[in-house]
Each structure stands twice: as structure tokens, then as C-alpha cells.
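Following: one structure in C-alpha cells, then a few remarks.
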Amino acid sequence: MKRKLDLCLQDAVAAAQEKGELISVALPEIVIEHPQDAAHGDFACGLPLKLARPMKLSPLDIAQRISKCISLPAEIDRLSVAAPGFINFTVRDGWLWEQVETILSGGEAYGNLSLGKGVRVQVEFVSANPTGPLHVGHGRGAVLGSALANVLAAAGYEVEKEYYLNDTGSQIDNFGQSLYARYQQCRGREARMPEGGYLGDYMVALAKDISREYGDKFLTMPEEEALADIGRIGLEKMLGNIKEDLELLGIEFDVWFSEKTLYQKGQYDEVMAMLRNKGCVVEKENATWLETSALGEDKDNVLVRSDGSPTYFASDIAYHYDKFYGRKFHHVIDIWGADHQGHISRMKTVAGALGIDPDQLKVITYQLVTLRRGREIVRLSKRSGDIVTLRELLEEVGRDACRFTFLSRSADSQMDFDVELAKKKSADNPVYYVQYAHARIASILRLAEQRNIDYSQGEVSLLSSEPELTLIRRLVLLPETVESAAIALQPHYLTYYAQDLATVFHSFYKQCRVVSGDRALTRARLKLVRATQVVLAKTLHLMGMNTPEEM
RNA sequence: GCGCCUGUAGCUCAGCAGGAUAGAGCGCAGCCCUGCGAAGGCUGAGGUCGCGGGUUCAAAUCCCGCCAGGCGUACCA
């Protein structure tokens, strides 16, 4: 619709120029927006304000001249010119009524777009080291990533969700050593935790688990062998734990990508050779460096440590090489915590050096999460040991409230997660406000069913009162909400849309009796209510939430 | 020091590819259930959009400089 108005305005200006009403100047980009005041119509355009200077005419004058030459699309009922120089458009009621039918026939597919044209996009998120349980911050990334994947899929992209599993490297060794030490302690043997080892209580619990399951088995074998076995078993258990957490959040990944395979299958060697050939690699101070400073970075970065082991940076280069060259994704979206922010610039730089357009790699960072219980603030630091796990939060707050809360802030914004508020099953909580609207509709539809009301032939043109038309106007905003969320990579738009839609529905409900003695109007309103349910359900599903029939 | 993010109502936050009187939820002061779910609706109070410059017909939005907070600045990931 916006696109149609855009074209129609371009034509109108061209026509006016041909007639000599307006002089010929370069047109700025035409922006069609929704006026905040409903009295100004459905769409508005401030083009005349922008043309005033180059055309040396008053904006109102220009607006008049454009509107005289305009031929309105069929969907538009009327146009008005308003000070200081806006052209406002109002859609036909008939168009709105058609939309109700469109929504009903589209069902869950309503709101889907072809914006992405089937382009392959990978969304990689969470990717937490399997050396400990997921914490609250990972939860934010998880919800963000999965909702974004849903939005992009709805927008017409072919989306793959991926978890990058760091299953090799120094942290994994450290994990194995820590676990081995705890295991020995469990079996009553003296053992010291490694330097910088994993001190969390969960490691003790994990060791007890293994101790119970395997007894003294690992005490009797050579240390090296025991270390390897315990490390492997511990990792599997941790990973199982992480998968359970994600399942509780309603998240499934298409691919679990193992870092280890980058070394086994050659991507690491290939990309290192590529960088060497380009002359970006130097040996100095006993290590192998990538000369990122020559590519515009602040400094060089180590690829291979002096002990011969590759850095995280090096394996991430191989990983991204595989994403673009191995698996040929057109776009890759990485979702990282703000603490990885320093990594973005050099990754993009390397991508560029490898011949990848840096714009094909989009990194979304989300700011840290602060937990609050009423006034009490709990900072989520790894150091202090009082990490709140995602599991604990999920058990306390519940999946939907958790998802909604994480989604209700832009990723750029530091987040205060108020556990007290998220837990409340009352009006204070926007989660239930939205779901309540869905349940309320379900209840109305149940009543209609009980009374054997068949509304399939409902006459939507009876929906002519202000609350009804206002509601339809909100329903039709879903496609463009999906579009802007997909373009801006900001899934939090959905939560605001959902709340707004719920508000408008509740208001409609108060003013318009649905199941009444007027049988024709009842059928028409049932159609509207059902359409609202479809849109609400779609929005909730995009957010990864449930659509309760009753609460 | 340098880089990224943030600063909007008492609190938590939207809005920021410039546009018409700056929005929401909570909290606060009130009103509305003898008809489909009151987990609801309605009214009201509450703002120098961190501060100072600049660009523009028009700035919360763009540019510059300050101030404040978070994160990063490793041969950690």
C-alpha cells in the first residue's frame, strides 16, 4: 500500500510538471507514514514540505497542485491537504472489509511476505561454551535469535538456525581438568583444581553424577585416558543440560556445528593458507599473527599462540569461512552478548580480506541483563558466583513471560528483568494482557459454537462502527510490522504491536457486543473477532509464545 | 586514553532512514460488572526527550563537543 502511494505520488508530480503546474526538480525519497492522529487519515506524506524550497512555492500550494493531478489507487477513499503541507490519505471502508476476508482465508500465513525472496540466511545464536549451564544473559540471546529467525522466515527468507559448539580448545581442556579434579575429590582422593578452573557448584554436582555412575573406574586408568574420558562424558552431560534449557524456552536448532570439525575437515587449514597467500600473516614474538592493523584495525591479532594452539579468533575465521564459502549463505547473522563486541570489527575486517562483502555479515549484540526482584538488584557476573541460571529463571517465571520480557526491549538497551513483574499473573504483566485477549476471543468463539452460529457467510460490510474499523486498521498492520522487524532486525517490534492490538481489541470488546440478538451483525462481528484471533496468534507464534484458549 | 551501546514521565522502556499536540506499561488520583472472561474498559495528574552548539521550513531523531552509566580494549571466549 505504501509502495502504491509512493508510485502514485511520483506520477502525480510528473503529471503536474508536464502541465507546467510544478517546475522540474529532483525528487527526494518519498516517505509514506502513518499519522499519529487518526483524524489525519491512514497514510500521510510530507513530500510538499520537502519540495517547497527547490520549487520556490509554499508547501500548501504544492500539496494542492499535486493533489489536483493525482489519480488515487482503488483502495483509497479520499485525500486531504493539511497544514503545514501534508497530503493525507484515508482508505475505503470496503478495502478494510476485504482485509478481514483476506486474513480469514490466509490464516496462519497472513503476514508472510516475499521480501526475502528465498535468500538463504543463517542465524547463529546462543553458542555458549558447553562448560557450564546457560545463564540469564544467554536466555536473552536465545529468545532474540529464535524470534528473529521466525520473523525472517515469515518475511520470505530461507532461514537456518545454528548453534556453534565450542567443543575444543583451552576452555574445554580446563573443563575436563576441573571435572577430573572434582571427580577425584568425590572418590576421596586428594586433587587440586587447575589454575583458573571452573569453580561453580554445578561442577561438583556433575562430578558426583559421574562418580555415582562409574564408581572408581577413572581412578584405575592412566590419568591421560581418564582425563579424556571424563572430559567427553562431562561435555555430553553439559550439552544435554543446555539442550533441555533451550527446549524449555521452545527453541530448536537446525544445526549444531562442532568447532572441532573445522580442524578435522580442513576448513581451518584452507583459510589459513588463504590468508598466508594474501600476505596478511606474520610470525613474530614466537606466535602467528594476522596483520589486521594493515587492514585498518587498531592492532594485530594472534592466530596461533606460541604453544601452537589456535586462538578463538582463528577458529572463528575458519568458521565464518565455512559459512560463506562452504555452505554459501547469502547473509549470516551472529547474535552475541555485548561482551563480545570488540570482536565484531576484526571479524568484519577479515571477512573483507577473504573477499566477503562485510555487509553480508551482520552482528547483533545485545546489552547485558540485570535481574531485579522488586528493589533488589542482582548483577549477573561470572566472578561473584551468584550466577542465576536460565533454568532457575524459567522455573520461576515460566516460558512465555520469559520470552515476552526478553523480547520487549531493543537489543541495544541494557535490560532490567524484573522477576517479580514477570511472575505476576495479573494485569500488571503485559504478557498475560496479550494472551488474555486471545483467550477471550476463544471464549467468544466457543459461545458461538455452543449456539450453533455459523458465521461463514457473515457480511463484513456491516462492520462500520468506529471501534470495528479501528480494530481492522490494527489488524492490517501485521505485514508491515513483520517487514520492519525483518529489515531492522529488531524483533521487539512484535511485542509492541501485540500490546497495541490487544488494547484495541479489548476496547472494541467493551463497546461492541459480539454475540447478540442481531443475527447478521453477530455473524459479521464473529468474523472480525476470528480474524483478530488469527493475527494475534500469528504474532504470538512469531514471538515463540503460546496461544491459550483459556487462562 | 581509544572503540561500541545507553541517557525520553516517579520506575521500566518504545519512538530515533527528521515531520502535524512526544507514547506505552507499572505506580499514583478517580470512575465503570443484575448481557459474550474485570487477567478488562474509561478519565486525570505527571516531560527543559542528559547538557551545549550546529544543519534544516521542521530535530527526541542528523552532525560536533561535553557530562554520566554499561561493555570492550588478552598469546580468554
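Computed from a predicted model, the values in this text were never measured in an experiment. In what follows, chains carry the letters A, B, and so on, assigned in the order in which the sequence lines appear, proteins first and then strands, with residues in each chain numbered from 1.
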Worksheet item: Do Thr481(A) and Tyr496(A) pass the side chain to side chain contact (heavy atoms under 4.5 Å, CB included) test, and can you show the C-alpha distance, the side-chain angles, and the key distance before you say yes or no?
Response: CA-CA 10 Å; Thr481(A) 302; Tyr496(A) 286 85; over 6 Å; no
Worksheet item: For atom C1', what is the distance between G54(B) and A14(B), given to the nearest Å?
Response: 28 Å
Practice prompt. Return no unless some side-chain N or O of Gln36(A) is found under 4.0 Å from OP1 or OP2 of A20(B).
Written response: yes
Worksheet item: Mind checking the P distance from G41(B) to G46(B)? Whole angstroms is fine.
Response: 23 Å
Worksheet entry | CD1 on Ile335(A) to NZ on Lys362(A), rounded to 0.5 Å | 13.0 Å
Worksheet item: Within the stacking criterion (centroid distance below 5.5 Å, interplanar angle below 30°), does His492(A) stack on A14(B)?
Response: no
Worksheet item: Heavy atoms under 4.0 Å, any strand shown: does Ala83(A) hit a base, just sugar-phosphate, or nothing?
Response: base
Fill in: Euclidean distance for P, G18(B) against C63(B) (whole angstrom)
12 Å
Discussion item. Base, sugar-phosphate or nothing for Gln435(A)? Non-hydrogen atoms, less than 4.0 Å.
Written reply: nothing
Worksheet item: Between C13(B), G40(B), G69(B), which nucleotide gets closest to the side-chain atoms of Tyr436(A)?
Response: G40(B)
Worksheet, complete the sentence: Rounded to the nearest 0.5 Å, the CG atom of Leu47(A) sits from the CD1 atom of Ile66(A) at a distance of 5.0 Å
Worksheet entry | Side chain of Tyr496(A) (C-beta onward), nearest among A77(B), C75(B), C13(B) | C13(B)
Please list, for nucleotides 32-35 of chain B, all pairs of protein and nucleotide N/O atoms separated by less than 3.5 Å.
unit_1	atom_1	unit_2	atom_2	d
G35(B)	O2'	Arg513(A)	NH1	2.3
G35(B)	O2'	Arg513(A)	NH2	3.0

Discussion item. Side chain of Gln341(A) only, heavy atoms from C-beta on: which candidate in G3(B), A74(B), C75(B) is closest?
Written reply: G3(B)
Fill in: Distance between C1' atoms of A59(B) and C51(B) (Å, rounded)
16 Å
Discussion item. Using a strict threshold of under 4.0 Å (side-chain N to carboxylate O), is an ion pair present between Asp167(A) and Lys260(A)?
Written reply: no
Item to complete: Under 4.0 Å between any heavy atoms, over every strand shown, what does Arg451(A) touch: base, sugar-phosphate, or nothing? Just pick one.
Response: nothing
Worksheet entry | With sequence neighbours excluded, residues passing ring pair (Phe, Tyr, Trp, His ring centres under 6.0 Å) with Phe417(A) | Phe406(A)
Item to complete: Quick one: look up who G30(B) pairs with, Watson-Crick or G-U, both distances under 3.5 Å, and put none if it's unpaired.
Response: C42(B)
Practice prompt. Flag the pair Lys2(A) and Asp6(A) as a salt bridge only when some basic side-chain nitrogen lies within less than 4.0 angstrom of an acidic carboxylate oxygen.
Written response: no
Worksheet entry | G-U wobble or Watson-Crick pairing nucleotide for C62(B) (cut-off 3.5 Å, both distances) | G54(B)
Practice prompt. Classify the nucleic acid contact of Ala437(A) as base, sugar-phosphate or nothing, counting any heavy atom under 4.0 Å across all strands shown.
Written response: nothing
Worksheet item: U73(B) pairs with which nucleotide, Watson-Crick or G-U wobble, both distances below 3.5 Å?
Response: G1(B)
Discussion item. For C42(B), does the O4'-C1'-N9-C4 or O4'-C1'-N1-C2 angle fall within 90° of 0, making it syn, or is it anti?
Written reply: anti
Item to complete: Using both distances under 3.5 Å as the test, list the Watson-Crick or G-U wobble partner of C49(B), or none.
Response: none
Practice prompt. Both distances under 3.5 Å, Watson-Crick or G-U wobble: report the partner of U21(B), or none.
Written response: none
Worksheet item: Partners of Glu33(A) by side-chain contact (heavy atoms from CB on, under 4.5 Å), sequence neighbours excluded?
Response: Ala44(A), Phe86(A)
Worksheet item: Taking only side-chain nitrogens and oxygens of Ser507(A), does any of them come within less than 4.0 Å of OP1 or OP2 of C42(B)?
Response: yes
Item to complete: Considering only atom P, compute the distance from G70(B) to U56(B) and round it to an integer number of Å.
Response: 38 Å
Practice prompt. When you get a sec, tell me which of C4(B), A17(B), A77(B) is the closest nucleotide to the side chain of Glu29(A)?
Written response: A17(B)
Discussion item. Taking A22(B) as the reference, what is the distance to G44(B) when you measure between their P atoms (whole Å, please)?
Written reply: 16 Å
Fill in: C16(B) pairs with, by Watson-Crick or G-U criteria that keep both distances under 3.5 Å
none
Discussion item. If you go through the side-chain atoms of Ser443(A), does one of them form a donor-acceptor pair with the base of C36(B) closer than 3.5 Å?
Written reply: no
Practice prompt. Would you please determine if the base of G25(B) is stacked by Tyr433(A), with stacking meaning a centroid separation under 5.5 angstrom and planes under 30 degrees?
Written response: no
Practice prompt. Check whether any side-chain N or O of Thr311(A) sits under 4.0 Å from OP1 or OP2 of A77(B), and answer yes or no.
Written response: no
Item to complete: Could you check which of C13(B), A39(B), C57(B) has an atom nearest any side-chain atom of Arg53(A)?
Response: C57(B)
Discussion item. Partner lookup for A68(B), please. Criteria are Watson-Crick or G-U wobble with both distances under 3.5 angstrom; report none if nothing qualifies.
Written reply: U6(B)
Practice prompt. Give a yes/no on whether any side-chain N or O of Ser408(A) is located under 4.0 angstrom from OP1 or OP2 of U12(B).
Written response: no
Practice prompt. Report the relative orientation of the aromatic rings in Phe257(A) and Tyr164(A); use parallel for angles under 30°, tilted for 30 to 60°, perpendicular for over 60°.
Written response: tilted
